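Read through the structure below, which is laid out as structure tokens, and then see the notes.
All values below come from the heavy atoms of this structure, side chains included, with hydrogens, waters and symmetry mates left out. In this chain, residues are counted from 1 in sequence order. In this text, all values refer to a predicted model and were calculated from it rather than measured experimentally.
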Amino acid sequence: MVSETVNVNLTADAEARPVAVLVQKASQFESKVFIQSGDKKINAKSIMGMMSLGLSQDAEITVCAEGEDEQVNDGIKYNVSDIDGDGREELLLEITSVYTAAQTLLIYEYNPDTHEVIEELSEYPYIIGAYDNGILEIGLSHNQGMAGDAMWPYSMYKYNAETDTYDKVAGADAWDGSVFPTGWDGESFPSDKDTDGDNILYSTIDYASESDYVWIDNAQYEEWHNGYINGANKKELEWHDISEGDIYSSIDQLNSYIFDYYTDTHEISESDIGYMYVQNTIDSGMGDATEVVFNYLRDKAGLETVIDNEGMEEAYAHVDNEVVIYTDYDTMYALNYIGNKVGDITIFGLYPGMPIDDARRIIEAMNFTKQYDEYSQTEIENVYVTGVSSGHYEIRIDEADGKVKNVSIVKMYSF
């Protein structure tokens with residue numbers, strides 16, 4: 001068991017909204033979660049129990065968790081399974097290390113025929129049920145209704161094989177009359193519809209028919225729910241923690257796939273310094289790549305080279321006292337090829353002086369994507385990347401009069 005004592009930070013006594021958020025968060029864990037305040041010890045997954053604590057500003061409470069997932073990770077988990085039932089495995093990511101509104105469930109699928117990565121769904125990360133007929137029940141981010149402990153409100157999605165995405169098809173909520181005898185507008189609990197007398201009614205909506213929410217009893221709710229589930233089996237999803245090392249390892253694997261795919265389908269010459277650069281930076285730093293590339297330029301291509309071995313590697317290759325290839329701090333140690341083509345030297349077939357349209361076709365064949373400005377989300381002209389985070393590669397082209405003026409490739413790092 002793990003526990004931690006904290007002080008409540010509320011501007012007023014605990015109300016339904018923050019308590020509901022806490023209950024929803026606690027419900028995501030398999031472990032037993034309790035809140036202890038004075039001599040009271042309450043199940044943190046019970047909204048009525050939590051409301052009964054009457055917590056106030058600066059109250060001291062102890063949060064206790066006991067179970068397999070009592071130790072919280074950094075808030076990123078993944079699952080790989082054929083969740084939509086299309087015969088191909090999907091990657092599911094749960095990102096919960098941010099504030100509630102930004103927490104996200106992402107479902108991705110890779111199409112080997114088109115080499116596309118498809119985002120099938122982006123939702124709040126609370127899977128209540130995943131069924132083998134392509135139905136997903138996703139809990140809402142907040143339980144602000146009148147369900148109490150009877151139900152966590154959810155949206156229902158169904159996999160659409162034609163679009164390879166999920167469609168939002170339905171939703172459900174509940175009203176516990178024993179907890180909320182009157183509704184938000186002062187109306188009384190409609191006991192005449194509560195035919196089984198358990199003080200709980202359900203409301204459902206079907207988006208295809210644009211029906212309104214109506215209150216129904218348990219038997220009617222089960223009939224409605226079974227109409228979507230239709231005897232399907234509920235899947236057990238096994239989630240795994242993602243560490244920072246896992247992320248960088250995955251990026252390296254993605255880069256290896258991109259470049260291996262290109263080299264398998266295109267002839268790479270021995271004078272391709274871009275290929276040398278990538279081969280020596282995927283699993284290591286810039287120093288090895290600088291040494292390999294500039295030793296080749298000196299020993300094989302016959303260029304004059306200068307390598308500064310003090311501190312970070314900086315290197316320059318000259319033709320007739322003009323720098324033609326270099327790497328330095330100002331360009332974040334990109335491999336830069338400028339001015340004019342030298343012999344058969346290229347960066348993945350790219351070189352100064354070639355038609356810009358030919359260069360773009362080569363980059364497209366390499367499965368690089370266009371880079372976008374982080375803030376305006378507008379395309380950055382002639383900048384292409386394998387991804388946007390540290391560890392990915394970037395190719396940048398300067399053009400003039402329809403031709404490539406300079407070309408560079410860099411592995412992006414966070415300094």
Compare all side-chain heavy atoms of [X] with those of [Y] and state whether any distance is below 4.5 angstrom.
X    : Y    : value
L136 : I107 : yes
T386 : F368 : yes
I128 : M151 : no
I200 : D194 : no
I363 : F348 : no
Y157 : E123 : yes
K168 : Y207 : yes
W239 : I127 : yes

Pairing donors with acceptors under 3.5 angstrom, does anything connect the side chains of [X] and [Y]?
X    : Y    : value
S155 : Y124 : no
N340 : Y351 : no
D149 : S46  : yes

Pairwise salt bridge (Lys or Arg N to Asp or Glu O under 4.0 Å) hits with a residue in residues 377-394, at least two apart: K370-E379, E394-R396
Strictly by salt bridge (Lys or Arg N to Asp or Glu O under 4.0 Å), give each pair with a member in residues 103-115 just once, sequence neighbours left out. R88-E109
Between [X] and [Y], which heavy-atom pair has the shortest distance, and what is it?
X    : Y    : answer
K235 : D84  : NZ-N, 4.5 Å
Y316 : V323 : CD2-CG1, 4.4 Å
T265 : Y261 : OG1-O, 2.9 Å

Taking the six-membered ring for Trp, are Y262 and H266 parallel (under 30°), tilted (30 to 60°) or perpendicular (over 60°)? parallel
According to the interplanar angle, ranging from 0 to 90°, do the rings of Y221 and Y202 count as parallel (below 30°), tilted (30 to 60°) or perpendicular (above 60°)? parallel
Applying side chain to side chain donor-acceptor pair (under 3.5 Å) to N199 and not counting sequence neighbours gives none
Which value, rounded to the nearest 0.5 Å, describes the distance between [X] atom [atom1] and [Y] atom [atom2]?
X    : Y    : atom1 : atom2 : answer
D398 : K403 : CG    : NZ    : 16.0 Å
E236 : S81  : CD    : OG    : 11.5 Å
Y337 : I273 : OH    : CD1   : 7.0 Å
T195 : N218 : OG1   : CG    : 8.5 Å
L201 : D192 : CG    : CG    : 8.5 Å
K341 : L350 : NZ    : CG    : 11.0 Å

Please say whether more than 12 non-hydrogen atoms of neighbouring residues, nucleotides or ligands are located less than 6.0 Å from [atom1] in [X].
X    : atom1 : value
D344 : CG    : no
K405 : NZ    : no
E187 : CD    : yes

By side chain to side chain contact (heavy atoms under 4.5 Å, CB included), which residues pair with V404, not counting sequence neighbours? M354, I356, A359, I397, V407
Using the ring-ring contact (aromatic ring centres under 6.0 Å, His included) criterion, which residues pair with Y78? Sequence neighbours excluded. H240
Hits for ring-ring contact (aromatic ring centres under 6.0 Å, His included) against Y110, two or more places apart or cross-chain, chain-then-number order -> none
Without swapping roles, check the side chain of [X] against the backbone of [Y] for a donor-acceptor pair under 3.5 Å.
X    : Y    : result
N255 : G391 : yes
K300 : S271 : no
T327 : Y333 : yes
N336 : A334 : yes
N133 : I135 : yes
Q279 : M276 : no
Q371 : V385 : no
D206 : S209 : no
D173 : A147 : no
D132 : N233 : yes

Single hit among F180, W215, W175 for ring-ring contact (aromatic ring centres under 6.0 Å, His included) with F189: W175
Pair D252-K411, salt bridge (charged side-chain N to carboxylate O under 4.0 Å, His left out): steps then yes or no: CA-CA 11 Å; D252 286 341; K411 186 175 184 179; 3.5 Å; yes
